[in-house]
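This report refers to the structure that appears directly beneath it.
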Amino acid sequence: SFTRLIETQDVLVSLDKLEVIISVNTETKVAKVWAGTKIKTLGDNLAANGLAQENLGDIDVQSIAGAISTGTHGSGATLGSIATQVIGLRLITANGEVLDCSETENRDVFKAAQVSMGMLGIITQVTLQCVPAFALDYNWYQSRFDDVLTKLDELKANRNFEFFWLPHTEKTMVKTMNITDRPSNRKSLFRRFNENVLE
């Protein structure tokens with residue numbers, strides 16, 4: 001984390017060794033994973049089963065438990081954070097109790113644990129409601145700040161949309177993504193960003 005959130009004078013627990021997919025049900029589109037599983041590893045495993053997470057942030061090196069616990073989100077006016085994809089959690093509480101929670105079991109704990117920053121215990125397992133795998137048409141481009149504000153309603157109609165204003169300039173970097181059936185463009189995102197935004 002680039003914040004001071006995880007700094008402690010006590011014990012800091014790493015879940016890096018809990019990185020395995022437990023099960024994937026392609027019919028119900030439900031995946032159960034160990035909480036230390038990194039987003040990239042999870043995405044690769046889901047894709048191999050024809051599934052995906054509905055929305056993600058920009059970083060794929062986080063563990064799924066970390067992404068949930070800190071409220072990590074992508075963009076898109078109609079899409080929720082990663083925590084909204086969670087349909088079940090297993091927690092180990094401070095007294096060593098194993099607590100399974102979901103909408104139907106220990107619901108109050110479940111709702112609080114979806115973005116709990118580790119305050120309720122250690123998340124050890126996560127059950128996710130996934131969606132069929134999809135491809136996104138990813139576009140970065142540069143625009144004037146005033147133009148972005150003028151077209152805000154139009155831009156928000158994209159499945160995913162965000163913009164970054166470069167302070168003390170008129171430059172704004174705009175990112176949009178929409179589901180596509182077109183073949184993937186293998187050019188690196190960094191190279192495309194460099195060509196479309198930084199030039």
Side-chain angles (χ1 to χ4, degrees), residues 1-3 5-6 15 19 21 24 29-33 35-89 103 110-118 123 126-143 148-149 151-166 172-182 184-194 196-197:
S1 175
F2 56 83
T3 71
L5 178 67
I6 64 166
L15 300 180
E19 187 176 19
I21 309 299
V24 177
K29 302 175 185 62
V30 170
K32 183 180 283 189
V33 301
T37 305
K38 302 298 182 285
I39 300 282
K40 179 174 182 355
T41 302
L42 176 56
D44 290 344
N45 278 272
L46 291 177
N49 286 280
L51 299 175
Q53 289 184 254
E54 184 177 40
N55 200 16
L56 291 169
D58 290 330
I59 300 169
D60 65 2
V61 295
Q62 293 170 284
S63 69
I64 186 63
I68 292 162
S69 297
T70 56
T72 297
H73 57 85
S75 63
T78 63
L79 301 171
S81 69
I82 293 177
T84 64
Q85 301 164 31
V86 178
I87 58 173
L89 292 170
E103 285 287 349
F110 173 64
K111 298 314 284 183
Q114 281 179 294
V115 185
S116 63
M117 296 184 287
I123 297 173
V126 176
T127 306
L128 295 164
Q129 182 62 61
C130 301
V131 298
F134 57 92
L136 291 173
D137 181 22
Y138 185 103
N139 289 296
W140 273 101
Y141 62 90
Q142 193 178 114
S143 182
V148 172
L149 294 183
K151 297 177 182 175
L152 205 51
D153 287 337
E154 177 186 333
L155 289 166
K156 286 192 298 187
N158 288 284
R159 182 187 191 273
N160 301 90
F161 157 67
E162 57 190 284
F163 70 92
F164 306 90
W165 171 55
L166 302 176
T172 304
M173 299 180 294
V174 177
K175 181 171 85 171
T176 63
M177 291 185 288
N178 291 290
I179 292 177
T180 183
D181 293 327
R182 291 196 325 235
S184 138
N185 178 349
R186 293 296 180 187
K187 188 183 289 186
S188 80
L189 290 179
F190 177 77
R191 186 170 171 193
R192 289 166 63 190
F193 173 79
N194 211 20
N196 298 337
V197 178

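Values reported hereafter were calculated over all heavy atoms of this structure, with side chains retained and with hydrogens, waters and symmetry mates removed.
- Note that SG of Cys130 and CD of Glu54 are 10.0 Å apart. Values are rounded to the nearest 0.5 Å.
- Residues satisfying the side-chain hydrogen bond (donor to acceptor under 3.5 Å, both in side chains) test with Thr41, not counting sequence neighbours, are Glu19.
- Two residues are said to be in side-chain contact when any heavy atoms from C-beta on lie closer than 4.5 Å; Leu166 and Met173 meet this criterion.
- Counting heavy atoms from C-beta outward, Phe161 and Leu152 have side chains that approach closer than 4.5 Å.
- More than 12 heavy-atom neighbours from other residues, nucleotides or ligands sit within 6.0 angstrom of NZ on Lys38.
- No donor-acceptor distance shorter than 3.5 angstrom exists from the side chain of Asn45 to the backbone of Leu42, with no hydrogens or angles considered.
- With hydrogens and angles ignored, the 3.5 Å screen pairs no side-chain donor or acceptor of Gln62 with any backbone N or O of Ile39.
- Without hydrogens or angle criteria, Gln114 side chain to Ile68 main chain gives no donor-acceptor distance under 3.5 Å.
- Between Ile123 and Leu15, the closest side-chain pair of non-hydrogen atoms is not below 4.5 Å.
- Atom OG1 of Thr180 sits about 12.0 Å away from atom CZ of Phe134, to the nearest 0.5 Å.
- Contact of the Ile82 side chain with the Ile64 side chain is registered, since non-hydrogen atoms from C-beta on lie closer than 4.5 Å.
- Residues passing the salt bridge (Lys or Arg N to Asp or Glu O under 4.0 Å) test with Asp44 are Lys40, sequence neighbours excluded.
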**Report entry** From CA spacing to verdict: side-chain contact (heavy atoms from CB on, under 4.5 Å), Glu162, Asp58
**Finding:** CA-CA 11 Å; Glu162 57 190 284; Asp58 290 330; 4.0 Å; yes

**Report entry** Ile87/Leu128 under side-chain contact (heavy atoms from CB on, under 4.5 Å): CA gap, chis, key distance, verdict
**Finding:** CA-CA 6 Å; Ile87 58 173; Leu128 295 164; over 6 Å; no

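- Annotation: the span from Trp165 atom CH2 to Phe163 atom CZ amounts to 10.0 Å, rounded to 0.5 Å.
- A heavy-atom distance below 4.5 Å is not found between the side chains of Gln142 and Thr172.
- Among all heavy-atom pairs drawn from Gly36 and Ser63, the shortest one is O-CB, 3.7 Å.
- Side chains of Asn178 and Asp137: no donor on one and acceptor on the other come within 3.5 Å.
- The closest side-chain heavy-atom distance from Arg159 to Met177 is not below 4.5 Å.
- Here CG of Asn139 is found 11.5 Å from CG of Asn160. Values are rounded to the nearest 0.5 Å.
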Query raised in the report: Going through the checks in order, is the side-chain contact (heavy atoms from CB on, under 4.5 Å) test met by Leu89 and Val126?
Result: CA-CA 5 Å; Leu89 292 170; Val126 176; 3.9 Å; yes

Query raised in the report: So Val30 and Gln129, side-chain contact (heavy atoms from CB on, under 4.5 Å) or not? Walk me through it.
Result: CA-CA 5 Å; Val30 170; Gln129 182 62 61; 3.5 Å; yes

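- With hydrogens and angles ignored, the 3.5 Å screen pairs no side-chain donor or acceptor of Asn55 with any backbone N or O of Ser81.
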